[in-house]
Structures are given as structure tokens and as C-alpha cells.
Number of protein chains: 2
Amino acid sequence: MENCVPTHLSLGLLLRLVHQHWTQDVEAALEEAGFGDIRPPHANVFTFIHPEGIQVSELTRLAHVRKQTMTQAVEELERLGYVERRPDPNDRRARLVFLTERGKGVRPVAVATGRLVDQRWSDIAGSEEIDALKQALQSLLGKLRGGDKNDGDPMGDGGS
Amino acid sequence: MENCVPTHLSLGLLLRLVHQHWTQDVEAALEEAGFGDIRPPHANVFTFIHPEGIQVSELTRLAHVRKQTMTQAVEELERLGYVERRPDPNDRRARLVFLTERGKGVRPVAVATGRLVDQRWSDIAGSEEIDALKQALQSLLGKLRGGDKNDGDPMGDGGS
DNA sequence: TGGATATAGACAGGTACCTGACCAATATGA
DNA sequence: TCATATTGGTCAGGTACCTGTCTATATCCA
């Protein structure tokens with residue numbers, strides 16, 4: 001009796017709960033991979049950073065989080081030695097974020113983590129179902145915002 | 001060009017973004033209904049409370065949030081005069097949460113808010129799509145937890 | 001060329017979740 | 001019946017988001 005999944009929970013609740021699962025799973029996967037010091041929000045940085053350096057503002061746009069949030073992630077990664085910030089030669093207001101040598105080593109793992117969780121969920125629930133869910137969410141999102149500029153995100157996030 | 005919704009965002013990112021939309025929409029709907037002092041997490045209380053009184057612990061179970069979170073919501077609603085807490089005659093550790101007269105008046109509106117947002121989203125994206133999404137999330141959730149006790153939630157949440 | 005506006009980033013502060021430690025009352029069971 | 005969980009609730013503290021304000025630089029255009 002006790003494991004019927006009976007009536008409909010609200011959409012808000014469902015979204016929150018599934019999202020929580022995702023975050024936890026990403027965190028666990030990072031831990032497992034031996035990078036306990038990298039946490040979900042950091043994945044956003046690893047996902048979108050590139051060798052030419054990138055501004056924090058650009059990162060916020062790509063990851064859809066606020067400046068404060070992204071700044072904090074970058075600062076933490078800087079403290080951990082994965083990235084460094086240097087002045088932007090083309091804009092004296094800005095600083096560019098670069099991977100350090102250490103960061104370059106970790107990036108593939110950090111980026112792969114999201115995919116890994118995707119994979120696990122596909123194993124559990126069927127990859128078609130997961131794909132359909134993604135599609136549905138994406139389509140919904142597109143409709144909710146009248147038409148938002150979007151951006152790739154090969155896998156990204158992991159974060160939130 | 002700028003409104004293509006091109007490649008696939010990660011599931012985590014999608015979940016976060018859609019959830020954010022939901023929360024904002026619920027908040028806006030409450031505001032619109034003239035209850036700007038009621039905020040999304042409070043909806044959990046209004047959804048699950050009943051005339052016989054309910055323990056905070058029971059509320060946390062139903063809404064799937066932690067004690068601290070629910071306690072805070074209840075305290076706020078108490079301060080606003082929507083609920084009151086009285087000792088549980090059957091358990092001297094516990095206190096029961098009851099709606100005040102004021103709370104009884106607001107409850108239907110607070111509960112309806114979630115449905116309202118559901119309705120709006122159905123208008124925008126098609127009710128079939130929304131229903132399918134709910135179903136998919138629920139099914140996924142059921143699979144992620146080996147098999148969890150569930151609970152109704154006629155509409156609930158609103159909150160997160 | 002100079003004034004309005006937009007942008008990069010820092011800073012201050014709030015919210016809705018979370019965890020873990022703790023106390024008091026209750027239920028369990030040898 | 002008394003030690004041992006378990007549970008209801010509080011307290012302290014952390015995280016990942018959010019908002020708004022502010023300064024310095026950049027951009028745009030009249």
C-alpha cells in the first residue's frame with residue numbers, strides 16, 4: 001500500500017522535487033569522481049568557459065543566474081585554484097576568467113558529470129522518457145517567455 | 001534570429017528555469033488577488049491544513065520541505081494572523097496549527113492560486129502538454145525514489 | 001564633443017530551501 | 001519498568017538563488 005504514487009502533486013512541487021534530485025545526484029557524481037570541492041554551481045563555469053577567457057557577465061547570461069551568484073562561483077573556483085581572473089584588455093571595466101592548468105585538467109570531468117546523471121536517469125526511467133521530458137520543458141519554457149534569446153548549453157548547469 | 005530556442009539545455013537548468021517561472025507566476029497571482037503578504041511557501045500551509053488542526057511535522061511530510069522551512073512559514077502566517085498554534089491535547093510535545101477566522105477567509109483564494117497558474121500555463125502551452133509534463137515528472141520521481149510514500153496534493157505547493 | 005544611457009562588476013541584504021545538534025515527550029520492548 | 005529508540009519542535013548555521021544600489025567605464029547619438 002505504502003508506495004502507491006497516487007494523485008497528482010502540483011506542478012510546482014514536482015518541479016522542485018525533481019530538481020532537488022538532480023542537484024543531489026550531480027553533487028554525488030562529483031564527489032564520486034573525486035572532486036568533492038567542486039559543487040553544482042561551479043559546473044556552470046566549467047561548462048561555458050573557453051580558452052580566450054570569458055567575462056562573468058557573459059557567464060551569467062549563459063547559465064541564467066544573477067551576477068552575484070556567478071561571481072561567487074568564480075571566486076570559489078579561483079580560491080580553489082581552478083580559474084584565474086585577468087583584466088580584459090578590451091574593456092577596462094571587465095575581467096576575464098581563464099582556466100588554470102589545474103582547471104584544464106578538471107574541466108572534462110566536471111562537464112561530463114551532468115551527462116553522467118542524464119545517463120543514470122535514462123537507465124532508470126528510459127532515455128525516451130528523459131528526452132521527452134527535456135523537450136517538454138524546453139518547449140514550455142519557450143512559450144512562457146514570449147520568445148527569449150536562448151543559448152546553447154551542451155549539457156551544462158549541473159548547477160541549480 | 002534571436003528567438004530561436006535552439007539546442008538542448010541541460011535537464012537541471014531546464015528544471016530550475018521552469019520552476020522559477022512557476023514561483024514567479026504564483027507570486028504574481030497572489031499579488032493580483034490582493035494577498036501580497038502571502039507568499040509561495042505559505043501556500044503549502046493553506047493547502048494541507050484542516051479544521052482538526054495539524055502538526056508542523058505532518059505539514060513537512062505533506063509538502064516535502066524540512067521542519068525549519070515549514071516552521072518559518074507557519075510562524076509568518078501566525079504573525080500575519082492567518083493561523084494560530086495551540087497545544088496538541090494528545091501529544092504534549094506537539095502543537096497543532098489551526099486557521100483563524102481570517103485564515104479561513106483566505107484559504108480558498110490561496111489554494112486556488114496554484115490552479116490558476118496551472119490554467120494559465122495550459123492556456124499558453126496546451127493543457128495536454130501540461131498534463132503530460134506533470135505525468136512525466138511524477139513518474140520520474142516515482143522511479144528515482146525506489147518507491148516513496150506519496151500524498152495527495154490537490155493543487156498545493158505554489159511554493160517552490 | 002558632450003550628455004544620456006547601458007554595461008561590468010562590487011557591495012549589501014533577503015528568501016527558501018538545506019544540514020546537523022539538541023531537548024523533551026513519547027513509543028518500544030527485553 | 002527501565003534503557004533505548006523515535007518523534008515533535010527549536011536553535012544555529014550554510015547554500016544557491018534572488019533584489020536593489022552604486023561606481024567606473026563604454027557606447028550612442030544629437
Side-chain angles (χ1 to χ4, degrees), chain A residues 12-13 15-28 30 36-45 53-78 85-97 157-160, chain B residues 12-13 15-28 30 36-45 53-78 85-97 157-160:
Chain A
L13 186 47
L15 288 165
R16 173 161 63 78
L17 293 174
V18 175
H19 181 249
Q20 266 172 25
H21 255 285
W22 170 271
T23 308
Q24 282 170 15
D25 284 5
V26 167
E27 188 125 40
L30 284 167
D37 56 350
I38 300 180
R39 300 202 304 78
H42 301 150
N44 284 325
V45 178
I54 190 168
Q55 294 182 0
V56 168
S57 305
E58 181 65 11
L59 282 172
T60 70
R61 252 174 261 120
L62 295 170
H64 294 271
V65 296
R66 295 303 188 226
K67 284 187 284 186
Q68 185 92 341
T69 306
M70 186 53 75
T71 301
Q72 195 184 334
V74 169
E75 275 169 357
E76 267 177 46
L77 287 175
E78 196 174 31
R85 279 180 294 185
R86 301 203 289 269
D88 184 338
N90 300 317
D91 186 340
R92 271 188 295 158
R93 294 169 301 180
R95 292 199 279 171
L96 294 176
V97 183
D157 184 34
S160 126
Chain B
L13 186 47
L15 288 165
R16 173 160 64 76
L17 294 173
V18 175
H19 180 250
Q20 266 171 27
H21 255 283
W22 170 270
T23 307
Q24 282 169 14
D25 284 6
V26 167
E27 189 125 39
L30 284 167
D37 55 351
I38 300 180
R39 300 201 304 82
H42 300 150
N44 284 327
V45 179
I54 189 168
Q55 294 183 359
V56 168
S57 305
E58 182 64 12
L59 282 172
T60 69
R61 253 174 262 121
L62 295 170
H64 293 272
V65 297
R66 294 303 188 227
K67 285 186 284 185
Q68 185 94 343
T69 305
M70 186 51 76
T71 301
Q72 195 184 334
V74 169
E75 275 168 357
E76 267 176 45
L77 286 175
E78 197 173 29
R85 278 181 293 185
R86 300 203 290 268
D88 184 338
N90 300 318
D91 187 340
R92 271 187 297 160
R93 293 168 301 180
R95 289 199 283 170
L96 294 176
V97 184
D157 186 33
S160 121

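FYI, side chains are in, hydrogens and waters are out, and symmetry mates aren't considered; it's all heavy atoms of this structure. All values reported here derive from a predicted model rather than from experimental measurement. Chain A is the first sequence line, chain B the second, and so forth, proteins listed ahead of strands; every chain is numbered from 1.
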Roughly how many Å is it from CD in B:Q55 to P in D:dT10, rounded to a whole number? 11 Å

Interatomic distance, A:K67 NZ vs C:dA6 P [rounded to whole Å]: 14 Å

To the nearest 0.5 angstrom, please state how far the CD atom of A:Q20 sits from the CG atom of A:L15. 11.5 Å

Any base atoms under 4.0 Å from A:Q68, or only sugar-phosphate, or nothing? Heavy atoms, all strands. base

Whichever of A:N90 and A:R39 has its nearest DNA chain D nucleotide further upstream toward 5': A:R39

So, is B:R85 near the phosphate of D:dG9, with a side-chain N or O under 4.0 Å from OP1 or OP2? no

If you compare every side-chain N and O of B:R66 against the phosphate oxygens of C:dT19 (OP1, OP2), does one of them come in below 4.0 Å? yes

Interatomic distance where CD belongs to A:E27 and C1' belongs to C:dT19 [whole Å]: 12 Å

Does B:Q20 contact D:dC17 through a side-chain donor or acceptor facing the base, at a distance under 3.5 Å? no

Any side-chain N or O of B:T71 under 4.0 Å from OP1/OP2 of D:dG9? no

Indicate whether OP1 or OP2 belonging to D:dG8 is found under 4.0 Å from a side-chain N or O atom of B:R61. yes

Whole-Å distance between D:dC17 C1' and B:R16 CZ? 8 Å

Side-chain N or O of B:S57 closer than 4.0 Å to phosphate OP1/OP2 of D:dG9: yes

Could you check which of C:dA10, C:dA8, D:dG9 has an atom nearest any side-chain atom of A:R95? C:dA10

Quick one: is B:R92 getting a side-chain N or O under 4.0 Å of the C:dT26 phosphate, OP1 or OP2? yes

If you look at every strand shown and take non-hydrogen atoms under 4.0 Å, does A:D91 touch a base, only sugar-phosphate, or nothing? sugar-phosphate

Please walk me through it: do B:I54 and B:L62 pass side chain to side chain contact (heavy atoms under 4.5 Å, CB included)? CA-CA 11 Å; B:I54 189 168; B:L62 295 170; 3.9 Å; yes

Return no unless some side-chain N or O of B:T69 is found under 4.0 Å from OP1 or OP2 of C:dC18. yes

Take the protein atom CD1 of A:I38 and the nucleotide atom P of D:dT15, then report the distance between them rounded to whole Å. 16 Å

How long is the straight-line distance from CG of B:L30 back to CG of B:D37, given to the nearest 0.5 Å? 9.5 Å

In whole angstrom, give the distance that lies between atom CD of A:Q72 and atom P of C:dC11. 13 Å

Go through A:T69 and A:T60 one step at a time and tell me if the side chain to side chain contact (heavy atoms under 4.5 Å, CB included) criterion holds. CA-CA 8 Å; A:T69 306; A:T60 70; over 6 Å; no

Decide yes or no, distance alone: a donor-acceptor N/O pair under 3.5 angstrom between the base of C:dT26 and the side-chain of B:R93. no

What is the distance, rounded to the nearest whole Å, between atom CD of B:E78 and atom C1' of D:dG9? 13 Å

Output the distance between atom NE2 (A:H64) and atom CE (A:M70), rounded to the nearest 0.5 Å. 10.5 Å

Rounded off to whole Å, could you give me the CH2-to-P distance for the B:W22 and C:dC17 pair? 13 Å

Quick one: does B:T71's side chain get under 4.5 Å of B:V74's, heavy atoms only? no

